[in-house]
Amino acid sequence: MQKLTSMPEPFVYTAQPTRVVFGADAWHMLKAEIGLLGAQKALVLCTARQRGLAEQASEALGKSAAAIYDQATMHVPLAVVQEARVALTRSNADCLIAIGGGSTIGLAKALALGTGLPILAVPTTYSGSEMTSVYGVTEGGTKKTGKDARVLPKTVIYDPQLTLRLPYDISVTSGMNAIAHAAEGLYAQDSNPMITLLAEEGIRAMASGLRQLQHQKNDVNAREQCLYGAWLCGTVLGSAGMALHHKLCHTLGGSFNLPHAQTHSIVLPYAMAYNASFAPSAMQRISRALQRSNQSAASALYDLAQELGAPMALRAIGMRAADLDQAADIAVAQPYWNPCPVERDHIRTLLQYAFEGLRPE
Ligand code: NAD
């Protein structure tokens with residue numbers, strides 16, 4: 001096995017400025033934390049499904065809660081952003097609180113982009129959006145994404161208690177989605193020793209938390225591990241450039257409407273198999289973090305997903321065989337950096353394997 005502790009290559013590292021408050025019941029710090037931001041009144045954002053949680057937060061905030069907007073929706077449709085903007089203006093709020101997953105945090109980012117208001121995020125999934133300055137708004141079926149420092153949350157409160165009700169199947173795919181961020185961070189062109197440490201520890205924590213969750217779905221310690229892993233993996237996503245895996249998932253989600261986290265979970269082992277021989281040290285770290293040092297990273301990830309009961313084939317989540325050729329064309333249409341050259345025929349083979357859920361080679 002190659003030594004993993006050799007001296008690093010020259011690198012650049014920029015630390016993220018987000019303040020992180022982590023721990024069971026940490027969400028009770030909400031009022032104090034908006035005070036530290038110098039804000040007076042918050043617009044609380046959530047999905048319709050998480051309205052109850054937003055109401056509890058509002059009660060705890062008292063006069064510091066200006067209003068609740070509860071229509072956050074997957075992929076941040078422009079119509080929702082426009083409606084939320086009206087609610088924001090009416091509320092006179094001077095900060096945004098996003099309680100929920102990537103969809104709710106995405107809405108807060110779209111509002112912050114236009115107004116410059118600070119975001120305090122309380123993530124309740126493992127998507128990692130809270131640690132990135134990437135935003136996206138969907139208009140006419142196309143999601144336009146961008147990067148802007150104004151949308152990076154100023155404060156993130158991670159409270160594992162708030163994730164106890166996250167359904168097990170969503171927890172698993174959301175957790176695999178987080179592992180994907182860290183896995184690609186390990187071979188990113190702009191990676192550095194700090195990102196490598198965060199990524200390996202993030203994968204270890206997430207996999208260990210998910211394995212515990214399988215046996216005890218309401219275990220706070222398991223949830224703590226997962227959320228800790230989500231923070232680390234999200235930090236990697238916010239700091240390092242992503243490659244083949246994320247591009248493929250973006251294609252499958254954006255052009256074929258496949259669900260975000262499930263798609264990530266299914267594609268990850270195949271993307272790792274594709275890049276394996278061009279990123280050997282990243283692969284060793286992934287296998288080690290999964291406590292499967294004797295296995296390839298691709299095979300260990302495939303086994304983890306299977307062990308956790310995740311969906312294993314693109315055809316099981318709505319992909320049509322007839323669309324695979326087009327998906328391969330779109331995935332290679334615009335060049336991007338990847339450790340291994342991205343070739344159309346090989347990508348088509350990868351997609352066939354992922355479509356059928358075959359063990360990656
Ligand atoms: P999500 O936010 O859409 O949440 C999925 C569902 O789970 C929703 O119905 C939500 O109400 C519910 N939910 C969330 N937390 C819950 C909890 N603790 N208990 C019970 N129900 C809960 O899903 P997601 O996977 O977190 O986010 C996906 C979106 O985030 C996608 O649009 C993706 O593109 C985006 N995203 C963006 C970034 C970024 O850096 N900008 C990063 C990752 C994901």
Side-chain angles (χ1 to χ4, degrees), residues 16 18 27 45-54 56-57 69-77 80-81 98-110 112-113 119 121-138 142-153 156-182 184-185 213 217-218 220 223 226-227 230-231 233-242 245-247 249-254 257-265 310 317:
Q16 286 210 49
T18 302
W27 80 281
L45 304 169
C46 62
T47 59
R49 187 168 159 184
Q50 290 189 289
R51 169 95 199 181
L53 190 56
Q56 279 183 49
Y69 179 80
D70 66 4
Q71 293 301 308
T73 306
M74 182 76 108
H75 299 313
V76 197
V80 169
V81 178
I99 304 186
S103 300
T104 305
I105 295 165
L107 175 60
K109 287 176 168 181
L113 188 66
I119 299 174
V122 186
T124 62
T125 70
Y126 309 135
S127 81
S129 176
E130 68 280 1
M131 297 308 293
T132 85
S133 49
V134 175
Y135 63 87
V137 175
T138 302
T142 307
K143 190 167 181 178
K144 287 182 193 146
T145 58
K147 217 172 175 185
D148 193 303
R150 282 174 299 175
V151 311
L152 180 72
V156 178
I157 297 182
Y158 286 105
D159 186 341
Q161 298 279 358
L162 302 186
T163 59
L164 286 174
R165 285 202 212 143
L166 186 64
Y168 174 75
D169 56 338
I170 303 183
S171 304
V172 167
T173 50
S174 190
M176 293 297 291
N177 182 190
I179 288 177
H181 308 329
E184 289 227 292
L213 258 197
K217 310 251 176 330
N218 292 330
V220 179
R223 290 293 183 182
C226 291
L227 207 52
W231 166 49
C233 295
T235 305
V236 175
L237 177 68
S239 310
M242 298 289 114
H245 170 78
H246 281 74
K247 298 289 178 191
C249 293
H250 191 78
T251 299
L252 294 168
N257 211 21
L258 296 194
H260 178 83
Q262 290 95 317
T263 306
H264 272 269
S265 183
I317 60 163

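Both counts, for ligands and for their atoms, begin at 1 and track the order of listing.
- Remark: side-chain polar atoms of D70 are not paired, donor with acceptor, to backbone N or O of R51 under 3.5 angstrom.
- When non-hydrogen atoms are compared, ligand 1 lies under 4.0 Å from the side chain of T132 (C-beta onward) but not from its backbone.
- If you check which protein heavy atom lies closest to atom 26 (O) of ligand 1, you get T125 OG1, 2.6 Å.
- Of the possible polar contacts, one joining the S171 side chain to the L166 backbone as a donor-acceptor pair under 3.5 Å is found.
- Residue-ligand proximity, G101 to ligand 1, at heavy-atom distances under 4.0 Å covers atoms 2 (O), 26 (O).
- Judged purely by atom type and a 3.5 angstrom limit, K109 uses its side chain to pair as donor or acceptor with the backbone of T132.
- The shortest separation from a heavy atom of K109 to ligand 1 is under 4.0 Å, placing the residue in contact.
- Between the side chain of T73 and the backbone N or O of Q71 there is at least one donor-acceptor pair closer than 3.5 Å.
- Remark: minimum distance from atom 16 (C) of ligand 1 to any protein heavy atom is reached at Q50 NE2, 3.1 Å.
- At least one heavy atom of L237 sits under 4.0 Å from some atom of ligand 1.
- In this structure, the ring-ring contact (aromatic ring centres under 6.0 Å, His included) partners of H245, at least two apart in sequence or on a different chain, are H264.
- Contacts between H260 and ligand 1, counted as non-hydrogen atom pairs separated by less than 4.0 Å, involve the side chain only.
- T263 places a side-chain N or O within 3.5 Å of a backbone atom of P259 that can act as its donor or acceptor partner.
- Checking S103, C46, G128, G52 against atom 29 (C) of ligand 1, the nearest heavy atom belongs to S103.
- For G102, a nitrogen or oxygen atom sits less than 3.5 Å from a nitrogen or oxygen atom of ligand 1, counting backbone and side chain alike.
- Short contacts between ligand 1 and L162, defined as distances under 4.0 Å to a heavy atom of the residue, involve ligand atoms 18 (N).
- At the top of the distance list for atom 32 (O) of ligand 1, counting protein heavy atoms only, stands H75 ND1, 3.1 Å.
- Residues satisfying the salt bridge (Lys or Arg N to Asp or Glu O under 4.0 Å) test with K217, not counting sequence neighbours, are none.
- Here the protein heavy atom with the shortest distance to atom 8 (C) of ligand 1 is R49 NH1, 4.2 Å.
- Among all protein heavy atoms, the one lying closest to atom 25 (O) of ligand 1 is S127 CB, 4.2 Å.
- The shortest heavy-atom contact between I119 and A112 is CD1-CB, 3.7 Å.
- Remark: the backbone N or O of A72 is not paired with any side-chain donor or acceptor of S103 at under 3.5 angstrom.
- Nearest non-hydrogen protein atom to atom 41 (N) of ligand 1 is V134 O, 2.9 Å.
- For atom 20 (C) of ligand 1, the closest heavy atom belonging to the protein is R165 O, 3.5 Å.
- Side-chain contact between T18 and W231: absent, with no pair of heavy atoms (C-beta onward) separated by less than 4.5 Å.
- Checked by atom type and distance alone, the side chain of T138 pairs as donor or acceptor with a backbone atom of H75 at under 3.5 Å.
- Per-atom contact check: atom 22 (C) of ligand 1 touches the protein, criterion being a heavy-atom distance below 4.0 Å.
- Among protein heavy atoms, the minimum distance from atom 15 (N) of ligand 1 is reached at T124 OG1, 2.7 Å.
- Ligand 1 has an N or O atom lying under 3.5 Å from an N or O atom of K143, backbone or side chain.
- In T47, the part holding a heavy atom less than 4.0 Å from any atom of ligand 1 is the side chain.
- Separation of atoms OG1 (T47) and CD1 (I99) is listed at 10.5 Å; rounding is to 0.5 Å.
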